[in-house]
Amino acid sequence: MNASNARSTALMAPALAWLTALMVIPCGLILALGFFRRGIYGGIEYSFTLENFALLLDPLYAGIFLTSARIAGTATLIAVVIGYAAAYAIAAAPRHRQPLLLFLAVLPFWSNYLIRTYAWIVLLNREGLITQFLRMMGYEGEPPSLLYTEGAVIVGLVYNYLPFVILACYAPLSRLNPELAEASRDLGASAFTTFRRVILPMTLHGIAAGAVFVFVLSIGNFITPALLGGGRFQMIGNLIYAQFLTANDWPFGAALSMALIAIMLGLLTLQAMAAEKGAGERREVLDG
Amino acid sequence: MAERPLATRRSLAALLAAVFAFLYIPIGVLVALSFNEGGLPTAWTGFSVKWYGALLSNGDILSAAGNTLIVGAVSTLIATVLGTLLALGIETRRRKGRALEALVFAPMIIPDIVLAIALLSFFSLLKLPMGLHTIIVSHVVFNLAFVSAVVRARLKTFDWSVAEASLDLGASAFTTFRRVTLPLILPAVVAGALLAFTLSIDEFIIAFFTAGAGRSSVTLPMQIFAMIRFGVTPEINALATLVMIVSVTALTLSQRLNKGVIAP
Amino acid sequence: MTRPFLPLRTLIAGAALSLPAAPALADLVISNWDGYMAPDAVANFSAETGEPAEMVVHATNEEIMGKIIASGGEGFDVAFVSSPFAEVLNNLGLLEPIDADKVPNLANLYPEAANLSHDPGNGFSVPYAWGTTGLCYRSDLVSPEPASWNDLLHPAEAQAGKVTLLGTDRWLLAAGFLAHGYSVNETDQAKLDEVTADLIAAKKTMLAFDDTTFYSKLVSGEATLVHAWDGWCNYGIAENPDIKFVVPSEGSDLWVDTMVVLKASDNKDGAFKFINYILDAANHRWAAENILYKVPNQAAMDGLSPDLIAQFPNMGMTPADLLKLEQLRDVGDATRAYAKAVSAIKAAN
C-alpha cells in the first residue's frame, strides 16, 4: 500500500509543485502584501498594518462590493432561470438529439470572451444594429442608448456564462427518472406541485453549481463593465485593476483580492453543502 | 422523459429556439459583418472577403497570432503531461484529502484577475523578466487542472484489473503504462489537451498582466483587446470569425474523442 | 519504483527547457500610445540608424505605468508618458538622465518646452507633444455652441445622454476642478470632495467615460459633445468638418507628453538616438502631420503647412497660448485621494 501511495505521490509531484510555485505561493504573496503599507510613490513599504483590510469597510468600497453583488446576483438569477428552462427543454427532447443540442448550447462559450462581448457593442450602441433594425421597422424617435447601462452589463454577463448554467442543470435533469414525476401526478399532484416538490429538489445541486459559477465569475469580472458599461459601473474586478494600474496601491489591491477569494470560498462551501443536502433529498425521494 | 402533450413539446421547442437565437445572433452578426464590403454595421454594401485580406497583411495581428499559437502549444504540452500524471496519481491514491481536491480544483475557479495579479506580483518580486515564457508557465496553472479533470473522469471508469494483470504477467510499470493504461486513456488525454489549447488561445487577463514589454509577448486576445479599445474596426469581425473557427474546431475534435468533455 | 517514471521526468524537463527564453532584447523597445506616432517612424528610424526597434502600444498612461513599475522598467527602452507620470517614474528612480550631448536636436525645441515646470532643462524627460483638453462637439447638432466646462458636465436637455468624459483620473478630475475655478493640481480634500459630488451629478447626463473612442462616437452621432484632447478632436474634424474644438472660458490644462529613457534599458545610446531622431525637424513635423497634435519643436512647427492649421485650428495654438494654461503636475500622495475620488464617481449611480 505504501509503495502504491509513494508512486501516486511521485505522479502528482510535478503538477503539485507547479501549482505550489505558481498559484499557492503567488496567492500567499498577495495575502501577505495586504498587510503592508503603500509607499508614497506607490511601491510597498514593509511595515505591518491592518489598514488595507479596514479600508474594505469604508462605505465607498463596501458599496462597490454590494453593487457588484447586485449586478452579479441579477445576472445569476436571469442566467439560472433561462439556463434551467433551456436545460429542461433539452432534457425533454428525444434522447438521440440531446447530445447535439447540448453541444450547440455550449459551443459559444468556447469562442473568445472579448469577441463575444464586442458583439454586444455592435448590437447595442446608439447607432448599432438594434437601432438600425428599429428604424427599418419605421421607428423615428430618438434612438435609445442601450449600451453603457447596467442592463448592458447584465446582458453581457448572462450571455457569456449562460452555457455553463445549461450544462450544470442538464446533468441532473437528464438523470431524472420520469417515473417519479409520473408517480407524483398519478397521486394527484398538480404539474406545479410536481415540479416544486419532486423535480426542483432533485436538480437543486445543478442549479447551485451553475449559480455559483456565474456569480463568482461575474463578481470578479472587469472587462464586461469596462466595455459594455462604459466605465459607469465599478465592480470589484475594476477596483482591483485600478489599484494595480491606476492608484498604484498594491497592498489595498491585495486586500481586495483576498476579500474576493473569501467570497468565492464561502460560496463554494455553500454549494458543497447544497450538493450534499441535495444528495440526501434525492435519497429521501427515492427511498421514501 | 415520458412523452409529453404536443402543446408542451411545441412550447419547449420554441423556448429552446429563443435561447439559441440569443446565443447565436450576436456571433452570427459578426460573422456576417466580416463579409460586408463596407465593413460597418450601418449598411450592407456587398459581399467581400477584403477584410480577411486586410487581416492577413497586418503584421501585428499575424505576429500576435503566432505568439498565441506558441503559448497555446507549449502550455498545452506541459499541462497535458503534468495534468495526466496528476490524474493518474490522484485516482490511484487510496485516500484523497479535501485539501488535495481543493488545490486541484482551485485553478479552475479562482478569479482570473486575482491569479493574474498574484502572478504579476510574484514575477516582479523575483525580478524575473517577463515575456512569452511567463505567460506560458502561468497558463499551465489552469490548463493542467482542466486536463487532469478530463483524464480523471475517464479514469473513474477505468478497469484497473487490466493494468494489474499486465503487472502480474511480469511487465514493468512503465511498459504497463505505455502499452495498457495510456492507450485506454489516450482519447481523454487528447481531449483534455485540446480543451487546454482552446482555453489558452482565448485567455486574456492573465496574459495581459504577465506579458513582457515588447511585441514578442503580445498575444492575439491582447491584440483584440487593443483593437476593441480603439473602436470598431471591420478587421475585428474577420478576426473574430477566424478565431471562432479555430476554437470550435478544437472543441469539436475534443468532443468527438471524448464525449462529455465540454463540461469543465 | 521510480525508474519507470524517469522518461516522463525527462520529458517534463525537456518541455521546460524548450520554453522560449526571455526574448533577446536586441530590439529597442518603444512603448507609445496607439496611433501616436507616424506609422513608418520606427521603420524609418531603424533604416536610418541601423538600430533594430519595435513599437508596443498602451492605451493609457496608467497601463504603461503599471507595466513599468511592476517590471522595474525591465524590457523597455523608451516610453511615452504624460509629464506627471514622468515625474513619478523619476521619483521612483526608474529613469535615466537625458544625456544632452547625445540628443543634439534638443536645440530644436521651443525655449518654453525646454523649461517646463515639471522638468526645467529636460533632465529626465523630453517633450514629444503638447496641447490642452477641451470640448469637441458636432456644431451641426449642438447649439448654442458650448463655451464652459459646465456645458459638458451639465449639458442642455438636447445633449443629455450624448456626452462623454475622459475616464482617467487626472483629466476627469481636471474637468471638475476647472468648472469650479480650481487648480487642475488641486490637493485640498474639501475641494476634491466638492468636485467629486459635481462629477457624480454629471453622470446623469453622461453617455460613458471614454478615453479612446470618443471621436468616433462623434462621427457616428452616438455622442454630440465630448471631453477631448485637442489632437484627438482633430481626428474627428478630419472625418467630419462640422466637428469643432473649443477651450472653455474657465481655461484648461496644459498637458505635455514626454519621452523618457528607462534606467533598466540595456541600449541607452539607442534610446537617445531614437529621441534625437524624433526631434529632427522633418521627422517631428511628419509626426505632427500624422497625429494632428502640436509638437513642441520650433523647427518642426515653423514648417507646418498653413492649410493644415486652417483645417485644424487648434494646431495653430502657439507656445504662448499654451503656457497661459496651467500645466498638469504630479500631485504626490494625493494620487491616492484622486484614485479614491474617481472610484467614488464611477461607482455612484
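In what follows, every chain begins at residue 1, and chains take the letters A, B, ... in the order their sequences are listed. Source: prediction; values computed, not measured. Heavy-atom basis, side chains included; hydrogens, waters and symmetry copies ignored.
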Q: With only heavy atoms counted, which part of A/I166 is less than 4.5 Å from chain B, the side chain, the backbone, both or neither?
A: side chain
Q: Which atoms of A/I219 are under 4.5 Å from chain B, going by heavy atoms: the side chain, the backbone, both sets, or neither?
A: neither
Q: In terms of heavy-atom proximity below 4.5 Å to chain B, should A/L256 be classed as side chain, backbone, both, or neither?
A: neither
Q: Sort A/L245 into side chain, backbone, both or neither according to what part of it lies under 4.5 angstrom from a heavy atom of chain B.
A: side chain
Q: How about B/F22 and A/Y159: are their ring centroids closer than 6.0 Å?
A: yes
Q: Check step by step if side chain to side chain contact (heavy atoms under 4.5 Å, CB included) holds for A/I30 and B/V114.
A: CA-CA 9 Å; A/I30 281 280; B/V114 173; 5.5 Å; no
Q: Which atoms of A/I115 are under 4.5 Å from chain B, going by heavy atoms: the side chain, the backbone, both sets, or neither?
A: both
Q: Which heavy-atom pair separates B/L23 from A/P108 by the least distance, and what is that distance?
A: CB-CG, 4.1 Å
Q: Compare every heavy atom of A/A89 with every heavy atom of B/L15, then report the nearest pair and how far apart it is.
A: CD2-CB, 4.0 Å
Q: Does any heavy atom of chain B fall under 4.5 Å from the side chain of A/I223, the backbone, both, or neither of them?
A: side chain
Q: Kindly say whether B/I78 contributes a backbone atom to a donor-acceptor pair with the side chain of A/W18 at under 3.5 angstrom?
A: no
Q: Among B/L103, B/V19, B/L88, B/V141, which has the most heavy-atom pairs under 4.5 Å with chain A?
A: B/V141
Q: What's the separation between atom CD1 in B/I228 and atom CD1 in A/I121, rounded to the nearest 0.5 Å?
A: 6.0 Å
Q: Below 4.5 Å from any heavy atom of chain B, which atoms of A/V24 appear? Answer side chain, backbone, both or neither.
A: side chain
Q: Which region of A/A21, side chain (C-beta onward) or backbone (N, CA, C, O), has a non-hydrogen atom less than 4.5 Å from a non-hydrogen atom of chain B, or is it both or neither?
A: backbone
Q: Non-hydrogen atoms of chain B under 4.5 Å away: do they reach the side chain of A/L19, the backbone, both or neither?
A: side chain
Q: How far apart are the C-alpha atoms of B/T252 and A/F103, what are their side-chain angles, what is the distance that settles it, and do they pass the side chain to side chain contact (heavy atoms under 4.5 Å, CB included) test?
A: CA-CA 9 Å; B/T252 312; A/F103 183 67; 3.7 Å; yes
Q: Looking at A/L114 and B/P221, what are the two nearest heavy atoms and their distance?
A: CD1-O, 3.3 Å
Q: For the pair A/M12 and B/L100, evaluate side chain to side chain contact (heavy atoms under 4.5 Å, CB included) and give the outcome as yes or no after the intermediate values.
A: CA-CA 10 Å; A/M12 297 192 305; B/L100 178 64; 4.0 Å; yes
Q: Does atom CZ of A/R135 have more than 12 heavy-atom neighbours, drawn from other residues, nucleotides or ligands, at distances under 6.0 Å?
A: yes
Q: Output the option from B/I224, B/V140, B/I25, B/I110 having the highest count of non-hydrogen pairs under 4.5 Å with chain A.
A: B/V140
Q: Any sub-3.5 Å donor-acceptor pair from B/Y24's side-chain atoms to A/L104's backbone N or O?
A: yes
Q: Indicate the atoms forming the closest heavy-atom contact of A/C27 with B/A118, along with that distance.
A: N-CB, 4.0 Å
Q: Can you list the steps and then say if B/S121 with A/F244 is a side chain to side chain contact (heavy atoms under 4.5 Å, CB included)?
A: CA-CA 10 Å; B/S121 311; A/F244 282 84; 4.0 Å; yes
Q: Of the listed residues (B/I90, B/I245, B/V246), which shares the most heavy-atom pairs with chain A below a 4.5 Å separation?
A: B/I90
Q: With heavy-atom distances below 4.5 Å as the criterion, would you say the side chains of A/Y241 and B/F208 are in contact?
A: yes
Q: Examine whether an atom of A/T9 lies under 4.5 Å from a heavy atom of chain B, and if so say whether it belongs to the side chain, the backbone or both; otherwise answer neither.
A: both
Q: Quick one, B/L120 and A/W250 - any side-chain contact, counting heavy atoms below 4.5 Å?
A: yes
Q: Can you check whether B/V29 reaches A/V122 side chain to side chain, under 4.5 Å on heavy atoms?
A: yes
Q: Do the non-hydrogen side-chain atoms of A/L123 and B/P26 ever get within less than 4.5 Å of each other?
A: yes
Q: Nearest 0.5 angstrom please: B/M244 CE to A/R116 CZ, how far?
A: 10.0 Å
Q: Let me confirm one number: the CD1-CG distance from B/I113 to A/L260, rounded to the nearest 0.5 Å.
A: 9.0 Å
Q: Quick one, A/I25 and B/F122 - any side-chain contact, counting heavy atoms below 4.5 Å?
A: yes
Q: Please classify the contact of A/L22 with chain B as side chain, backbone, both or neither, using a heavy-atom distance under 4.5 Å.
A: both
